[in-house]
Amino acid sequence: MDGGAEAYMDVLAAVLKTYTRCPAATKPVLKLRAKSPQNSDSKLSTEFGNSEAKMTDKRHDPSRKIIAPTGTKLNAKSWLTEAPLRMLMNNLHPDVAERPEDLVVYGGIGRAARDWECYDKIVEVLKRLEDDETLLVQSGKPVGVFKTHADAPRVLIANSNLVPHWANWEHFNELDKKGLAMYGQMTAGSWIYIGSQGIVQGTYETFAAVARKHFDGIAKGKWILTGGLGGMGGAQPLAATMAGFCMIAVECDETRIDFRLRTGYVDKKATSLDEALAMINAAMEKGEAISVGLLGNAADVFPEIVERGILPDCVTDQTSAHDPLNGYLPKGWTMEYAGEMRKKNEAAVVKAAKESMGIQVEAMLKLQERGAATLDYGNNIRQMAFEVGVKNAFDFPGFVPAYIRPLFCEGIGPFRWAALSGNPEDIYKTDAKVKELIPENPQLHNWLDMARERIQFQGLPARICWVGLKDRARLALAFNEMVANGELEAPVVIGRDHLDSGSVASPNRETESMLDGSDAVSDWPLLNALLNTASGATWVSLHHGGGVGMGFSQHSGVVIVCDGTEAAAKRIGRVLWNDPATGVMRHADAGYDIAKQCAKEQGLDLPMLKD
């Protein structure tokens, strides 16, 4: 044995000797195997329980009421830092966030910051941040400020990212309770959530595609059955009626129904299935489209509809099924009982929730067999049902491969912007500019008209519209010019959902059934984030688990500020060309002819693209 080997053995012996003397609580540090739910102890240790209580206290503050500043007066040193400050605050506006007192924006436990101390420190740092500095945020915690340069992002965010072997809800929840992690969902932790409008147009486009594919383009006299009226699901009723459908949306939390009534996203409330059916039948007889929020549990209502022989025209679901611990109420449980059980026995909650999802999915499959157009709307409910024995859970498709992928092939996706002035007129002026620059798209014009008429702004005035590679940069440059010449009162921020063409890997949603089988390859969102950083975005984020839960997705976000300067114009030209171009690249690489043609038409340099 040579000297190097002897030294190695000495070190190893010392490590093992130290390890055997460690208290039991510290030994899992050396484990190389993630715990599985089956092996977990349902009882939390006293130490762990205390840390959970402390973490809850740090996150809950009912005295907080966060409202983003408006107008032209800066609270930070430039608009490049004022913008993330206002958008962070906007995420927690009472009309935007689901539980702002807990920092929860949407999607179960999707937060804007890890705890209130971290939130306060982020605000403090953004106010003092210089234009050649970058703030790093690790799972909602501001961890460092570094010298960079004027074209570098002012903020870089990483949320919920775990080494793949440990990328499951059980391990994440342990870290979360200890204050070591935060679930960022998609736009919650990346500070570009704009309320339910953020998903309305995508849902509208999907329902319109359903009508074209299954009902000869006629939604009148048809109705949709769904579940969930939370931050994402709450968009469904308005999107359905805008597309011409009636809708019954089952929701177990009455406060959510009331919130959607107050903000104009749902038309009526019912407390029984018969009452809800009577409402939509009366509307359909008159040729009207209405939405009804039905107070109940989807795991009860969907099977009841099957048993009674009722057949909706379309069936979907947008409960927070991606998070079985926090996002789905088990069948037969009250909201209060579920809250208690989440503190006492997490494993029992998860088990009961998944079993209930299985019941709901089995009902959806039955309705599909009877002729209903049935689709998964991206909450991973099929996976949860599959895990409890519903082997044919994936017999109904996800919405992306069924209806949306052709749009992704051209880089078309959820382009959104917000008026930092707080003045709705800034949004109406940009609406008009979009129509001016894209005159040949009547469907887009119709969307903008309906949005102005029917969508209430939540927090800062904002707009979303689905546009692609050929339009995003030129629209943004026009907005920047409007700021420069004073047409707009203050700068605007431009971002998007992480649900976009090149920014996500999610095998049960956005990248389901890719042509080349590359569903689970997550290099693409990493490249997207790196390229947006190099291109000069104002802030860039890289998340894990959004939409479908821990272990099932990786995705990135981007936001850029239009402050009217020439420097901004250069950054905008790079970022808002390169960002959607990565979506065209990703789909062209997978073999989609639409994407290949788009790449050629737009002059993308894709070295491996073949004729």
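- With hydrogens and angles left out, the side-chain atoms of N379 and Q318 include no donor and acceptor closer than 3.5 Å.
- Donor-acceptor pairing under 3.5 Å is lacking for the side chains of D274 and S272.
- Separating the CZ atom in R59 from the NZ atom in K177 is a distance of 9.0 Å, to the nearest 0.5 Å.
- Evaluation of the ring pair (Phe, Tyr, Trp, His ring centres under 6.0 Å) rule for F415 yields W417 as partners, not counting sequence neighbours.
- A donor-acceptor pair under 3.5 Å is formed between the side chain of N168 and the backbone N or O of E170.
- Of the N and O atoms on the side chains of T374 and Q368, not one donor lies less than 3.5 Å from an acceptor on the other residue.
- For N91 (side chain) and T187 (main-chain N/O), a donor-acceptor pair under 3.5 Å exists by modelled atom type.
- Taking the side-chain contact (heavy atoms from CB on, under 4.5 Å) definition, one finds that L273 meets it with L277, L294, V301, E304, I305, R308, I310, sequence neighbours left out.
- In this structure, K269 and D258 have side chains that are in contact, with non-hydrogen atoms separated by less than 4.5 Å.
- For Y592, the ring pair (Phe, Tyr, Trp, His ring centres under 6.0 Å) partners at least two apart in sequence or on another chain are H587.
- Side-chain contact between N297 and V250 is absent, with no heavy-atom pair separated by less than 4.5 Å.
- Evaluation of the ring pair (Phe, Tyr, Trp, His ring centres under 6.0 Å) rule for Y119 yields W116 as partners, not counting sequence neighbours.
- Applying the ring pair (Phe, Tyr, Trp, His ring centres under 6.0 Å) test to F408 and every residue at least two apart in sequence or in another chain returns nothing.
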- Message: Determine whether Y183 and D176 satisfy the following criterion, side chain to side chain contact (heavy atoms under 4.5 Å, CB included), listing intermediate values before the conclusion.
- Response: CA-CA 8 Å; Y183 185 50; D176 188 40; 5.9 Å; no
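- Of the charged side-chain nitrogens involved, at least one lies within less than 4.0 Å of a carboxylate oxygen, so that D115 and K58 count as a salt-bridged pair.
- Between the side chain of R405 and the backbone N or O of E512 there is at least one donor-acceptor pair closer than 3.5 Å.
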- Message: Please evaluate residues R496 and D579 with respect to the criterion side chain to side chain contact (heavy atoms under 4.5 Å, CB included), reporting the C-alpha separation (whole Å), side-chain torsions for both, the decisive distance (0.1 Å), and the verdict.
- Response: CA-CA 10 Å; R496 55 159 172 76; D579 181 54; 2.8 Å; yes
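- Between the T241 side chain and the P237 main chain, a donor and an acceptor come within less than 3.5 Å of each other.
- Rounded to the nearest 0.5 angstrom, L238 CG and T263 OG1 are separated by 9.0 Å.
- For the residue pair S190/H498, the side-chain donor-acceptor check at 3.5 Å is satisfied.
- Side-chain contact between F399 and V210: absent, with no pair of heavy atoms (C-beta onward) separated by less than 4.5 Å.
- When atom types are taken as modelled, the side chain of R114 and the backbone of S139 share a donor-acceptor pair closer than 3.5 angstrom.
- Side chain of W539 to main chain of I157: no donor-acceptor pair is present (N/O by atom type, distance under 3.5 Å, no hydrogens or angles).
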When the side chains of residues 542-549 are checked against the rest of the protein, which donor-acceptor pairs come out under 3.5 Å, sequence neighbours left out?
{"residue": "H543", "atom": "ND1", "partner": "Q185", "partner atom": "O", "Å": "2.9"}
{"residue": "H543", "atom": "ND1", "partner": "M186", "partner atom": "O", "Å": "3.4"}
{"residue": "H543", "atom": "NE2", "partner": "N159", "partner atom": "ND2", "Å": "3.0"}
{"residue": "H544", "atom": "ND1", "partner": "S160", "partner atom": "O", "Å": "2.8"}
{"residue": "H544", "atom": "NE2", "partner": "G551", "partner atom": "N", "Å": "2.8"}

Using distance only, find each side-chain donor-acceptor pair of residues 328-337 under 3.5 Å and give its atom names and separation, not counting sequence neighbours.
{"residue": "Y328", "atom": "OH", "partner": "Q360", "partner atom": "OE1", "Å": "2.6"}
{"residue": "K331", "atom": "NZ", "partner": "D300", "partner atom": "OD1", "Å": "2.5"}
{"residue": "T334", "atom": "OG1", "partner": "Y337", "partner atom": "N", "Å": "3.0"}

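- Residues Q458 and S196 have side chains in contact (heavy-atom distance under 4.5 Å, counting atoms from C-beta outward).
- Side-chain atoms of H93 and Y193, non-hydrogen and from C-beta on, never get closer than 4.5 Å to each other.
- Looking only at distances, a side-chain donor or acceptor of T316 sits under 3.5 Å from a matching main-chain atom of L375.
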- For R416 and D497, what are the C-alpha separation, side-chain angles and deciding distance, and is it a side chain to side chain contact (heavy atoms under 4.5 Å, CB included)? CA-CA 8 Å; R416 63 178 63 176; D497 196 351; 3.6 Å; yes
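- Scanning for side-chain contact (heavy atoms from CB on, under 4.5 Å) contacts around E362 gives V390, with sequence neighbours left out.
- Atom NZ of K268 is surrounded by 12 or fewer heavy atoms from other residues, nucleotides or ligands within 6.0 Å.
- We find the CE-CZ distance between M550 and F172 to be 5.0 Å, quoted to the nearest 0.5 Å.
- Partners of A243 according to the side-chain contact (heavy atoms from CB on, under 4.5 Å) rule, which considers only residues two or more places apart in sequence or in another chain, are Y204, F207, F245.
- Each of T319, T206, D317 was evaluated against Y377; a single residue qualifies, T206, per the side-chain hydrogen bond (donor to acceptor under 3.5 Å, both in side chains) test.
- From N508, atom CG reaches atom CG of N380 across 4.5 Å, with rounding to the nearest 0.5 Å.
- The side-chain heavy atoms of L499 and V504, taken from C-beta on, include no pair separated by under 4.5 Å.
- One distance of note links CH2 of W524 with OG of S501; it measures 12.0 Å at 0.5 Å rounding.
- The main-chain N or O of S553 is never found under 3.5 Å from a side-chain atom of R509 such that the two would form a donor-acceptor pair.
- Across every non-hydrogen atom of S522 and L526, the tightest pair is O-CG, 3.3 Å.
- Side-chain N or O atoms of D267 include one that pairs as donor or acceptor with a backbone N or O of S291 at under 3.5 Å.
- The aromatic rings of H322 and W169 are tilted relative to each other, their planes meeting at an angle between 30° and 60°.
- For the residue pair N326 / D323, a side-chain donor-acceptor distance below 3.5 Å is found, with atom types taken as modelled.
- No side-chain donor-acceptor contact under 3.5 Å links S503 and N528.
- Counting only heavy atoms from C-beta outward, the side chains of Q201 and C465 approach each other to under 4.5 Å.
- Sorted by first and then second residue, the pairs that involve residues 385-395 and meet salt bridge (Lys or Arg N to Asp or Glu O under 4.0 Å), not counting sequence neighbours, are K354-E387.
- There is no side-chain donor-acceptor pair under 3.5 Å between T203 and Q236.
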- Message: Set out, in order, the CA-CA distance, both residues' side-chain angles and the distance that settles side chain to side chain contact (heavy atoms under 4.5 Å, CB included) for V200 and I464, then state yes or no.
- Response: CA-CA 8 Å; V200 170; I464 185 168; 5.7 Å; no
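- Proximity of W191 to V137: side-chain heavy atoms (C-beta onward) are separated by under 4.5 Å at one or more points.
- Here T582 contributes atom OG1 and R586 contributes atom CZ; the two are 10.5 Å apart, rounded to the nearest 0.5 Å.
- A salt bridge between R256 and E98 is present, with a side-chain N of the basic residue lying under 4.0 Å from a carboxylate O of the acidic one.
- R342 contributes no side-chain N or O that, together with a main-chain N or O of V349, makes up a donor-acceptor pair within less than 3.5 Å.
- Residue pairs that meet the salt bridge (Lys or Arg N to Asp or Glu O under 4.0 Å) test with at least one member in residues 515-529, sequence neighbours left out, do not exist here.
- Within the structure, salt bridge (Lys or Arg N to Asp or Glu O under 4.0 Å) contacts touching residues 363-381 (residues at least two apart or in different chains) are D376-R382.
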